[in-house]
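These numbers come from a predicted model, not from an experiment.
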Amino acid sequence: MDSIDKNILRELQSDGRLTIQELAQRVGLTPSPCMRRVRQLEQDGVIQGYRAIINPEAVGRSFEVLVSIEVKRDREAVEAFEAALQDIPDVIEAYRLFGSPGCLLRIAVADITAYEQLWIERLTTLAGITEVNSQIIMKRVKEPKGLPVGP
């Protein structure tokens, strides 16, 4: 990956809706070679997809909670827990961690009542759970902007 590829990645992370013509102009290429590079980055799995960033308030999910969960430390329990998370749309991110806690979730719901219902009806009923701790997000201090791409 050379500096032009890195520039392409920076520009697309900043605005994934750029046309090939706009992108080519920004990175100093003509459209054809720029398109080839983008396609190659996609084929190589460097660019994994494109998506819209949605305002949580606009879709009624402005109440966010970080939830740390302890799961029994055996393979079956961990696999069952991770599979069950796939069926809970309110869980918008999930990470298995080294150490304690064993798992960290980011949850987006309408309000505290919706979170309480999710906590009671879904989270605490998952097999293998030994502990659930919730931290309500007060304010986003830094929004995700993409990964830093070297010089």
Under a 4.5 Å cut-off applied to non-hydrogen side-chain atoms, are [X] and [Y] in contact?
X: E70; Y: I129; result: no
X: I69; Y: F81; result: yes
X: W119; Y: V67; result: no

Under 4.5 Å between side-chain heavy atoms, counting indirect links through other Ile/Leu/Val/Met/Phe/Trp/Tyr residues: same cluster for [X] and [Y] or not?
X: I107; Y: V59; answer: no
X: I54; Y: V109; answer: no
X: L97; Y: V65; answer: no
X: L105; Y: Y95; answer: no

Please indicate whether [X] has more than 12 foreign heavy atoms, meaning atoms of other residues, nucleotides or ligands, lying under 6.0 Å from its [atom1].
X: I112; atom1: CD1; answer: no
X: I53; atom1: CD1; answer: no
X: R73; atom1: CZ; answer: yes

All pairs passing salt bridge (charged side-chain N to carboxylate O under 4.0 Å, His left out) where [range] contributes a residue, at least two apart:
range: residues 88-103; value: R61-D90, E82-R96, E93-R106
range: residues 22-32; value: E11-R26
range: residues 140-151; value: E64-R140, R140-E143

Completion exercise
Residues V91 and A94: closest non-hydrogen pair is CG1-CB, 4.2 Å

Exercise for the section: Before accepting this row, confirm whether a basic side-chain N of the pair D2/R37 lies closer than 4.0 Å to the acidic partner's carboxylate O. Expected result: yes

Exercise for the section: Assess the side chains of N133 and Q135: does a donor N or O sit below 3.5 Å from an acceptor N or O? Expected result: no

